[in-house]
Amino acid sequence: MKTEALNEEENEILQEVINIGMGQAGASLAKLLDVFVNLSVPRVSWVNGDDFVTQVAKLVEGQGDSWAGVRQAFYNQLEGEAFAIYGANGCQQLAGLMGYEDENEDGAEEELLLDVTNILVGACLVGVANQISKKLDFAAPTVVGVGKPIHELLYSRDREWDQCLLIEVNFCLEEGDFSCHLVMLMSEASIEQLRSGLVQFMESY
Amino acid sequence: MTAALGDSSLGYIIDRVDVGILVVSDSLEVVLWNRFMEANSKVSAETIVGKNLLESFPDLPGKWLEKKVKSVQLLNNFAFTSWQQRPYLFHFKHHRPITGGVTHMYQNCTFIPFEGSDGESLVCITLFDVTDTAISHREVQQAHADLEELSHRDPLTGIYNRRFMESELDKEFQRVSRYGGKLSVLFLDLDFFKKVNDTYGHQAGDQVLIEVTQRISDMVRATDCLARYGGEEFAIMLTETDTSGGLIFANRVREVIEKTPVHYGEHVIPVTASLGLSEYDEGVESYDTLLDQSDKALYVAKKQGRNRVVCYLPDM
Amino acid sequence: MSIALLIVDDSGFSRKAMLKSLPESWDVEITQATNGEEALEALRKGLGEVVLLDLTMPVLDGFGVLEGIRDEGLQAKVVVVSADIQPKAKLRVITLGALAFLQKPFNKESLAAVLADCEIYRED
């Protein structure tokens, strides 16, 4: 593995900044679904872009063999791609909460995944970007696959992103658990931006 | 955005940009309706501004739209819709009347919440015409499916190839070893096929392969899998079949091949086949073993004088 | 006499940030805890007259600490400092006996204002 993109202290700040971002994401989800969301501490780690597929596969090992994946690109001062990976059960529970059950249209479940991803990725990354004073914009999310084994969702191809940030979040709803893995792939330039932002954030205290 | 341009210039750009732009209030009253929307909906801005969007377009997914507008305002976050899940928001005609083969314009939409000059909460909806993308996506998908199907097939006979058959056998093997059930594998090799090629030529040989394949194809069930394994060698996966069932089937195949010579030009080419059969039982560890056993039985059938069926025995 | 202040947060950075943001003139004896269990132990030893409490933590979360304080009848003035900004979360901590809720990210000013509001400490 390559040298860590950030040092220990920077990682600690990042963890907290993401914590705050996830707090905002959780609040958005709670507002949208009108439920109380129990947040857990998000686990944050860096993996090398080259073996991110193996790393992510390891992370979800033994948690089922059917996954849904959505990706969403982000750009501006931070740029990269976010992947949200959902287990099979979570999607169905959400569908009920989101009030999609009465629609019964083709694509309704996928649309739900897109909405939830957009909210989680948006709230989390905007939360992070705001704290470190960076501009951020989003492209529309797209479904990579539904009901697939993990390696099919994260098939390897030529990547521009060298480092990837792995964020594992769990949201426990009163109606049952719903967990989601968020993976953020970022360019070297973005990691530099991230670093400078984190240093500034730290100095603000 | 730094607006070095005046309001009227910006207004002009918003009106003329090749993207649908509309702005609605929280009660879905239309505030802005640009030229793209006018041209495609045939409803002018003068008619619709100030009116309720759903009343003017009763075909819109009203409940969904209300929920969407409410949620982007509530969360103060952009939202997106994609043609892949929701082909269109507004039912517009597309602009590919000749090559399209589609009945409407595919649209990607973005919902942007913002605050109006009087502090009212508004949502800007943008509509992108992505019909071209949708059509080429569909063509690529179709090409993919065609290619995948082709990659499973033997080009000469049109039946499955070895790779596909083995992957099917692997799946079936996993199934019976987990849940129980019967499974047999039959190997078939045409006797003295080299002589057919040498005597009548390769085209005649190809004709023999095609016709024999056709005859076997007519006999296998939909759940079986017939594949050309190599030159003149075939493999048949027989689902829910034990040795006695497999033997009956194998002998029928052998008889049909023997009794129906292949006509090639003025030649009548007699054909026979040797077959090796093996059945899954609990001791068999992988589908490879099953293939290997059938191959051994086939070898014995050849040694015993050809044109016969031999079942695998452990001492082979 | 100095006040026993307990800072509870699993994030080292967050604890450091709280330490740096405390009013300079405030005379406090500081104890730090990284999860709810540690916090309750410190509270039982009387090390937390005032508590700055995070909510989302491993082992035992902030809600659990507030319940523990209530159930064991411990005396503590608790200010919750959290990224969990759901209105229901705020309501829950207040119902459980917290004096105030301070949203992360916070700064010197917002912390001082909350301390003053709760009449815990007012800078001159």
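These values consider heavy atoms only, across backbone and side chains, with no hydrogens, waters or symmetry-generated copies. To find a chain, count down the sequence lines: A is the first, B the second, and so on, and within it residues start at 1.
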Rounded to the nearest 0.5 Å, what separates atom [atom1] in [X] from atom [atom2] in [Y]?
X: C/Arg15; Y: A/Glu16; atom1: CZ; atom2: CD; answer: 10.5 Å
X: C/Phe13; Y: A/Asn19; atom1: CZ; atom2: CG; answer: 11.5 Å
X: C/Ser11; Y: A/Ile18; atom1: OG; atom2: CD1; answer: 11.5 Å

Interchain contact, A/Met22 with chain C, by part (heavy-atom threshold 4.5 Å):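 For A/Met22, neither part sits under 4.5 Å from chain C.
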
A/Gln131 portion near chain C, given a 4.5 angstrom heavy-atom threshold: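 Side chain only.
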
Heavy atoms from other residues, nucleotides or ligands near NZ of C/Lys88 exceed 12 (cutoff 6.0 Å):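 For C/Lys88, atom NZ is crowded (more than 12 foreign heavy atoms under 6.0 Å).
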
Close side-chain approach of C/Lys16 and A/Glu9, heavy atoms under 4.5 Å: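 Yes, at least one pair of side-chain atoms sits under 4.5 Å.
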
Smallest separation among heavy atoms of C/Thr56 and A/Leu39, with atom names: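 Between these two residues, the closest heavy atoms are CG2-O, 3.5 Å.
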
Residues of residues 64-83 of chain C within contact distance of chain A, non-hydrogen under 4.5 Å: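 Interface residues of residues 64-83 of chain C: C/Ala83.
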
Engaged part of C/Asp10 at the chain A interface, taking heavy atoms whose separation is under 4.5 Å: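 The side chain, not the backbone.
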
Pairs of heavy atoms under 4.5 Å with chain A: top-ranked of C/Lys104, C/Lys20, C/Met57: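 Of the options given, most contacts go to C/Lys104.
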
Plane angle bin for A/Phe36 and C/Phe63 - parallel if under 30°, tilted between 30 and 60°, otherwise perpendicular: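 Ring orientation, 0 to 90° scale: perpendicular.
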
Option among A/Asn38, A/Val35, A/Val37 that satisfies the side-chain contact (heavy atoms from CB on, under 4.5 Å) test with C/Gln86: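 Single pass found, and it is A/Val37.
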
